[in-house]
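This report concerns only the one structure given below.
Residue numbers run from 1 in the order of the sequence given.
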Amino acid sequence: DGYAACVDFPACLYYRELMETFPQAKVVLTLRDSESWWQSFSLLLKTVNSARWLRFFGPRLRMLIEFADRIIVRDAFGGNLEKERCIEAYERHIRQVRASVPAGRLLEFDVRQGWEPLCAFTGMPVPKCAFPHRNAGDAALKKLYRRTVAGSFMRR
């Protein structure tokens, strides 16, 4: 209630339930090269794994790690985080979204396309600023880590 959109993981796992709950909602399927996706995803896995020891320092941290294990390891990838299996699951997800979402509700989007197709699809004006193409990768995850995991530890 009160939100206009949800993005990324884990919301992308529940696109069917979200479409059912919000029948007017549109779905943006962001496409990227499978190898590039793996590089980004494996960095996320490394970040989560490196933070595992922090689960002993508080209930919030424990819940965060347990959530990551349940959603990432079990639900999304069936317990197998080997590169080939993960890429296979990523590609299967793309096929399933394409098969499940009606054409008028689906935008297949590559960030290299910029603002125009995304704004046209959502009915929003094109921003005057440049589209943020860069995935900061490691730097972005370190910032997220500091804000969530380390921040939770420090607030304890």
Side-chain angles (χ1 to χ4, degrees), residues 1-52 63-149 151:
D1 188 31
Y3 293 91
C6 59
V7 298
D8 211 346
F9 197 84
C12 64
L13 296 178
Y14 305 105
Y15 69 93
R16 288 183 187 103
E17 293 85 350
L18 289 165
M19 286 182 359
E20 187 177 311
T21 303
F22 304 101
Q24 301 306 313
K26 296 181 177 189
V27 176
V28 177
L29 176 61
T30 305
L31 301 174
R32 64 193 295 185
D33 168 82
S34 297
E35 187 63 35
S36 168
W37 171 84
W38 168 253
Q39 293 304 317
S40 178
F41 182 70
S42 63
L43 185 59
L44 171 67
L45 291 177
K46 288 176 190 172
T47 301
V48 170
N49 284 332
S50 70
R52 286 193 184 288
M63 286 179 1
L64 179 65
I65 297 299
E66 288 171 1
F67 173 78
D69 282 342
R70 185 177 69 245
I71 297 296
I72 296 173
V73 178
R74 190 191 72 207
D75 293 355
F77 297 97
N80 187 335
L81 296 176
E82 294 173 8
K83 178 180 178 179
E84 293 75 24
R85 289 288 300 264
C86 288
I87 288 176
E88 189 179 290
Y90 169 70
E91 292 172 348
R92 182 174 51 253
H93 173 76
I94 291 170
R95 289 190 304 273
Q96 290 171 341
V97 171
R98 286 175 171 157
S100 303
V101 180
R105 291 178 67 184
L106 178 65
L107 171 66
E108 293 190 26
F109 180 68
D110 184 317
V111 296
R112 294 175 292 190
Q113 296 172 296
W115 288 118
E116 287 74 18
L118 185 60
C119 292
F121 183 67
T122 59
M124 300 298 291
V126 175
K128 295 190 187 325
C129 62
F131 190 86
H133 289 94
R134 235 176 94 213
N135 179 350
D138 192 36
L141 283 172
K142 285 179 181 175
K143 185 176 183 179
L144 175 65
Y145 176 80
R146 283 193 305 272
R147 286 186 175 172
T148 57
V149 177

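- Atom CZ of Arg112 and atom CG of Leu31 lie 9.5 Å apart (nearest 0.5 Å).
- In this structure, CD on Glu20 lies 10.0 Å from CG on Leu18, to the nearest 0.5 angstrom.
- Environment of CZ in Arg85: sparse, with no more than 12 heavy atoms of neighbouring residues, nucleotides or ligands closer than 6.0 Å.
- Counting heavy atoms from C-beta outward, Phe131 and Leu118 have side chains that approach closer than 4.5 Å.
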Chi angles and distances behind the side chain to side chain contact (heavy atoms under 4.5 Å, CB included) call for Gln113, Glu108: CA-CA 10 Å; Gln113 296 172 296; Glu108 293 190 26; over 6 Å; no

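- The number of heavy-atom neighbours closer than 6.0 Å to CD of Glu116, taken from other residues, nucleotides and ligands shown, is above 12.
- Scanning both residues, Asn80 and Glu82, for their nearest heavy atoms gives OD1-N, 2.9 Å.
- Remark: the backbone N or O of Gln39 is paired with a side-chain donor or acceptor of Ser42 at under 3.5 angstrom.
- Annotation: the span from Leu44 atom CG to Phe9 atom CZ amounts to 8.0 Å, rounded to 0.5 Å.
- Annotation for Met19 and Ser100: closest pair CE-O, 3.8 Å, computed over non-hydrogen atoms.
- In this structure a side-chain-to-backbone donor-acceptor pair under 3.5 Å is missing from Trp115 to Lys128.
- Heavy-atom minimum distance, Cys12 versus His93: O-CE1, 3.3 Å.
- With values rounded to the nearest 0.5 angstrom, Phe109 atom CZ is found 9.5 Å from Thr122 atom OG1.
- Between Phe67 and Pro10 the shortest heavy-atom distance is CZ-CG, 3.6 Å.
- Pairing each heavy atom of Ser36 with each of Asp33, the nearest pair is N-OD2, 2.9 Å.
- Listed here is the closest heavy atom pair of Phe121 and Arg105: CZ-O, 3.3 Å.
- Considering only residues two or more places apart in sequence or on other chains, Cys86 meets the side chain to side chain contact (heavy atoms under 4.5 Å, CB included) condition with Trp37, Trp38, Phe41, Phe77, Leu81.
- Put simply, CZ on Phe22 and SG on Cys6 are 8.0 Å apart, with the number rounded to the nearest 0.5 Å.
- Here the side chains of Leu107 and Lys26 are not in contact, with every heavy-atom distance at 4.5 Å or above.
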